[in-house]
Amino acid sequence: MFKVHNQLELNEKHETLVIGLYQQNSKLSGLAADLDNQLDGQITELMKAGDLSTKRKLITKVHTLGRLAIKRIYFVGLGKEKEIKFDSIREVFGTLFKAIQEAKIQDVTIALDTFVTDYLDQSESAHALAEAFALSTYKIIDYKQKANEPEKNIEKIHVVANTEEMDEIKSGLEVGYAFGMGTNSARTLTNMPPNLLTATELAEYSIELAKKYQFEVEILEKEEMERLGMGALLAVNKGSEEPPKMIVLKYQGKEEWTDVIGLVGKGITYDTGGYSIKPKDGIVGMKTDMGGAAAVLGAMEIIGEIKPEQNVVAVIPSTDNMISGGAFKPDDVIVSLSGKTIEVLNTDAEGRLALADGITYAKHHGANYLVDIATLTGGVIIALGTETTGAMTNNEELFEQVLQASHECKEPIWRLPITEKDKKRVRNSKMADLNNSPGREGHAIMAGTFIGEFAESTPWVHLDIAGTATTSKDSDLGPEGATGVMARTLAAFVERFETGR
């Protein structure tokens, strides 16, 4: 896919050459000036006429009409150098690759030097380029009948960087592409119809992922869950004809199984709400209720590619939440894997039940730090909208590391509080140790507080992606639908994790 060169020969044939143009007061310089000279100043004339702009994300295609060995040049506006950052250059590359893909160009050469500034080095630019390529050219896998015409996609990207640090450029491309493709895998899983992605299929996907990256894998079946006492996950599964799965993947990047990071993803493959049934408008789209599981599996794919020196256990409690004569009901009392009893007040608050057993099982596998991720509550959308993920924690140091990773990946999170009064509300049951839904007030906080009862003293961060797991509009970095949100943040968090902070 990517080929790295340290020199661009203008007399060699190129299908498409891409050059970045920053806003500047002086005349053209560097490669752009060389091309301008060979084209008798026509680039300068285009800029004077306003037909070629340096405004960020504006792209101008110029055909050389046989005057150069280069067939066409894409000039990409970058704006002011001092304003360019990783996320903005990534958006620029996303806009570029969408335009190239639409033009059905299969071979492209990018002069990386023209995108680099004092504020953004070549390795970062290479990472942004490769990640943007993967994200922006992603296509939703649908099930429509299609014509038997081969699609023309970008097949080769030549990256030209005038530097002796070629290994850094290659590494930036490899890591960026891994981050993008892991996110795309999470997108694909979340977009899948629920009749095609059951807990069984999710487990099979996990097994294939484990084979590819030599992860240790464990899939608990219903009988094993019953023997172990996973009453919370099993309660959610009671109304279903599909068997539940407790999915475990282990990546060992250290010699000893210590300082283990536990990633726990909600894997509810469809959520009707159970007897607390969702309204007709609210039930459509509930195939995305396994977005947390998808994010964890996307992160594990990235981890498998970049191989950080960390230990990770990924745990995914998976089932659908259906209605039948045997389904669990409001007023039921269930016993979780931890031994804590739970009074069910709302069967539509099922994700936190599955996560309760998932978190406990992650601790059984030696997790010293926990991050759970779930499309958990509509309440987080009311609080934070659809651009920001809600977060809760019992440990400042761990939260700061997750927050830093989210900043790096431009997947914003915002912390919500847990107070002693919140804890009293989830412990307020005359029938059991906990209740699963104290009421509408502070709904997102109540859900996180409930999960925290199972994390106990283990450092823990909760991420509620109910608002950010999907989008209703296209962007520079992908189509509407599933976003794959937090796959990159989780992987970056693992990659840079430091104990003792």
List the steps and the verdict of side-chain contact (heavy atoms from CB on, under 4.5 Å) for R56 and E83. CA-CA 10 Å; R56 188 181 302 165; E83 294 178 356; 3.4 Å; yes
Would T188 and Y138 satisfy side-chain hydrogen bond (donor to acceptor under 3.5 Å, both in side chains), going step by step from the backbone distance to the final call? CA-CA 9 Å; T188 296; Y138 172 78; 2.9 Å; yes
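- Remark: A130 pairs with F2, L173, Y177 by the side-chain contact (heavy atoms from CB on, under 4.5 Å) rule, at least two apart or across chains.
- Looking at T95 and D476, their side chains do bring a donor and an acceptor atom within 3.5 Å of each other.
- Among all heavy-atom pairs drawn from N237 and P243, the shortest one is ND2-C, 4.0 Å.
- In terms of modelled atom types and a separation under 3.5 Å, the side chain of D464 and the main chain of G390 share no donor-acceptor contact.
- Within the model, atoms NZ of K278 and OG1 of T272 stand 8.0 Å from one another, a figure rounded to the nearest 0.5 Å.
- Between L376 and A447 the shortest heavy-atom distance is CD2-CB, 3.5 Å.
- Rounded to the nearest 0.5 angstrom, H127 NE2 and I89 CD1 are separated by 13.5 Å.
- Put simply, the side chain of T190 gets close to the backbone of A186: a donor and an acceptor are under 3.5 Å apart.
- Panel note: side chain N436, backbone E350; no donor-acceptor pair is recorded below 3.5 Å.
- Note: D433 CG to S336 OG = 8.0 Å, rounded to the nearest 0.5 Å.
- Here the CZ-OG distance, from F115 to S125, works out to 9.0 Å after rounding to the nearest 0.5 Å.
- Between the side chain of N435 and the main chain of R425, a donor-acceptor pair closer than 3.5 Å is present.
- Between the side chains of S185 and E301, at least one donor-acceptor pair of N or O atoms lies under 3.5 Å.
- Interatomic distance, CG of L233 versus NZ of K238, reported as 13.0 Å (0.5 Å rounding).
- Nearest approach of A299 to L490, heavy atoms of both residues: CB-CB, 3.8 Å.
- For the pair E411 (side chain) and M486 (backbone), a donor-acceptor distance under 3.5 Å is present.
- A pairwise comparison of heavy atoms in I342 and A232 identifies CD1-CB, 4.5 Å as the closest pair.
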Before you tell me yes or no, could you show the steps for T360 and S338 under side-chain hydrogen bond (donor to acceptor under 3.5 Å, both in side chains), namely the whole-Å CA-CA distance, both residues' side-chain angles and the distance that decides it to 0.1 Å? CA-CA 6 Å; T360 303; S338 71; 4.6 Å; no
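- Donor-acceptor pairing under 3.5 Å is recorded for the side chains of T419 and D422.
- Checking V380, I465, D271 one by one against T375, the side chain to side chain contact (heavy atoms under 4.5 Å, CB included) holds for a single residue, I465.
- Judged as a side-chain contact (heavy atoms from CB on, under 4.5 Å), and not counting sequence neighbours, the contacts of A432 are V333, T341, E343, S429.
- K340 places a side-chain N or O within 3.5 Å of a backbone atom of E453 that can act as its donor or acceptor partner.
- Here the side chain of E400 pairs no donor or acceptor atom with the backbone of E397 at under 3.5 angstrom.
- Separating the OG1 atom in T288 from the OH atom in Y270 is a distance of 9.5 Å, to the nearest 0.5 Å.
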Let me see the working for L297 and L202 under side-chain contact (heavy atoms from CB on, under 4.5 Å), right down to the final yes or no. CA-CA 10 Å; L297 290 172; L202 196 62; 3.9 Å; yes
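- Under the 30°/60° scheme for interplanar angles, the aromatic rings of Y361 and H365 are found to stand perpendicular.
- Under the 3.5 Å distance criterion, the side-chain polar atoms of T393 are left unmatched by any main-chain donor or acceptor of E396.
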Could you walk me through whether F328 and L353 pass side-chain contact (heavy atoms from CB on, under 4.5 Å), step by step? CA-CA 12 Å; F328 77 135; L353 299 177; 3.6 Å; yes
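- With sequence neighbours left out, the side-chain contact (heavy atoms from CB on, under 4.5 Å) criterion links T458 to K363, L370.
- Closest non-hydrogen pair, Y275 versus S324, comes out as OH-O, 2.7 Å.
- The minimum heavy-atom distance between I445 and M392, with the atom names listed, is O-CE, 3.4 Å.
- Using a distance-only test at 3.5 Å, with no hydrogens or angles considered, a donor-acceptor pair links the side chain of Q401 to the main chain of E498.
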In a table with atom names and distances, give each donor-acceptor pair under 3.5 Å that connects a side chain of residues 220-231 to protein atoms at least two apart or in another chain.
from: E221; atom 1: OE1; to: K245; atom 2: NZ; distance (Å): 2.5
from: E221; atom 1: OE2; to: K245; atom 2: NZ; distance (Å): 3.1
from: E224; atom 1: OE1; to: E221; atom 2: N; distance (Å): 2.9

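- Sorted by first then second residue, the salt bridge (Lys or Arg N to Asp or Glu O under 4.0 Å) pairs that include residues 281-292, not counting sequence neighbours, are K266-D289.
- Contacts of K80 classified as salt bridge (charged side-chain N to carboxylate O under 4.0 Å, His left out), with partners at least two apart in sequence or in another chain: none.
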Quick one: do F179 and L135 satisfy side-chain contact (heavy atoms from CB on, under 4.5 Å)? Show the steps, please. CA-CA 9 Å; F179 272 67; L135 294 175; over 6 Å; no
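- Judged by distance alone, with hydrogens and angles left aside, the side-chain atoms of T347 form a donor-acceptor pair with the main-chain N or O of S276 at under 3.5 Å.
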